[in-house]
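All values below come from the heavy atoms of this structure, side chains included, with hydrogens, waters and symmetry mates left out. Counting convention: from 1, in listed order, for ligands and their atoms alike.
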Amino acid sequence: MRMRRKKHLDERLAACGDMIIFMDRENRDFSVKDTENMLDYKAIFGNDKPIVLEIGCGKGQFIRELAKREPQYNYLAVEKASNVIVDAAEKTLAEGIENIRYLRGGAEYLDCYVQPLSAERIYLNFSCPFPKKSYAAHRLTHRNFLQIYEKLLKDGGEIHQKTDNMQLFEFSIAEFSQSGWGLKNVSLDLHNSDFEGNIVTEYERRFSEQGMPIYRLEAMKPKRSI
Ligand SMILES: C[S@@+](CC[C@H](N)C(=O)[O-])C[C@H]1O[C@@H](n2cnc3c(N)ncnc32)[C@H](O)[C@@H]1O
């Protein structure tokens with residue numbers, strides 16, 4: 001289902017200024033994986049703090065809380081839907097949070113923007129499950145996406161995933177394992193585990209209020225011999 005375009009969306013996006021970086025399909029040739037679009041972190045954030053990514057950030061509740069709790073990082077939050085990223089960016093500006101920027105566009109283009117080997121961690125929170133088999137390649141833990149994440153993550157980097165969807169969780173475990181990623185801290189019921197410091201996302205609140213268990217894992221970037 002296509003989301004209805006919010007009123008005054010373009011004006012609101014424009015008013016967010018540098019808070020939103022547009023990975024625009026129209027203006028770019030994504031078949032050429034050159035360095036033309038690579039983000040200059042120093043110019044964007046004014047410092048060299050290490051980078052953490054969230055992909056599919058929705059309205060940004062998670063990333064805003066994380067940025068406050070862990071100010072030693074800079075955050076890039078990726079979201080393809082303008083309708084929701086605009087809320088995230090407006091709240092970030094209103095709260096005066098300086099260490100987040102939003103990337104509007106699909107995760108499939110990230111390796112044109114995020115510098116190779118620059119990210120410490122990637123968060124995937126309640127990614128769309130795309131239950132139809134024919135849409136499996138859209139799932140954010142499909143092996144094609146894992147290849148992109150591997151390019152962006154530093155050696156020793158990790159992906160932290162949470163979902164309410166058991167099928168997506170099983171699919172993710174299989175994709176990580178078959179792509180050579182190690183897994184640790186796997187939980188089948190996060191809210192009844194001894195995990196400390198969880199930041200509840202918008203979707204997580206909704207699902208857990210319905211009594212659904214939350215699945216969580218940490219995946220470690222493979223060490224490849226050249
Ligand atoms: C179910 S929502 C979860 C939002 C938020 N992470 C949370 O936990 O509340 C998934 C979000 O991922 C975004 N998304 C899906 N596929 C994407 C892609 N390929 N690139 C960027 N964002 C994507 C959707 O637009 C949606 O906002």
What atoms of ligand 1 come within less than 4.0 Å of a heavy atom belonging to [X]?
X    : value
G105 : 20 (N), 21 (C)
T201 : 7 (C), 8 (O), 9 (O)
A107 : 18 (C), 19 (N), 20 (N), 21 (C)
F126 : 1 (C), 2 (S), 3 (C), 8 (O), 10 (C)
E108 : 19 (N)
N125 : 3 (C), 5 (C), 6 (N), 8 (O)
E202 : 9 (O)

For [Y], is there an ion pair with [X] - N to carboxylate O distance below 4.0 angstrom?
X    : Y    : answer
D155 : K221 : yes
R216 : E218 : yes
E204 : K162 : yes
E79  : K59  : no
R139 : E175 : no

For this session: Dump the intermediate steps for side-chain hydrogen bond (donor to acceptor under 3.5 Å, both in side chains) on Y215 and S172, then the final yes or no.
Result: CA-CA 11 Å; Y215 305 96; S172 303; over 6 Å; no
Exercise. Between P129, G106, G56, which one has a non-hydrogen atom sitting closest to atom 6 (N) of ligand 1?
Worked result: G56
Exercise. If you measure from atom 23 (C) of ligand 1 to every heavy atom of H142, E204, K80, R206, which option wins on shortest distance?
Worked result: K80
Exercise. Is the ring centre of Y135 less than 6.0 Å from the ring centre of H138?
Worked result: yes
Exercise. Is the closest heavy atom of Q61 to ligand 1 under 4.0 Å?
Worked result: no
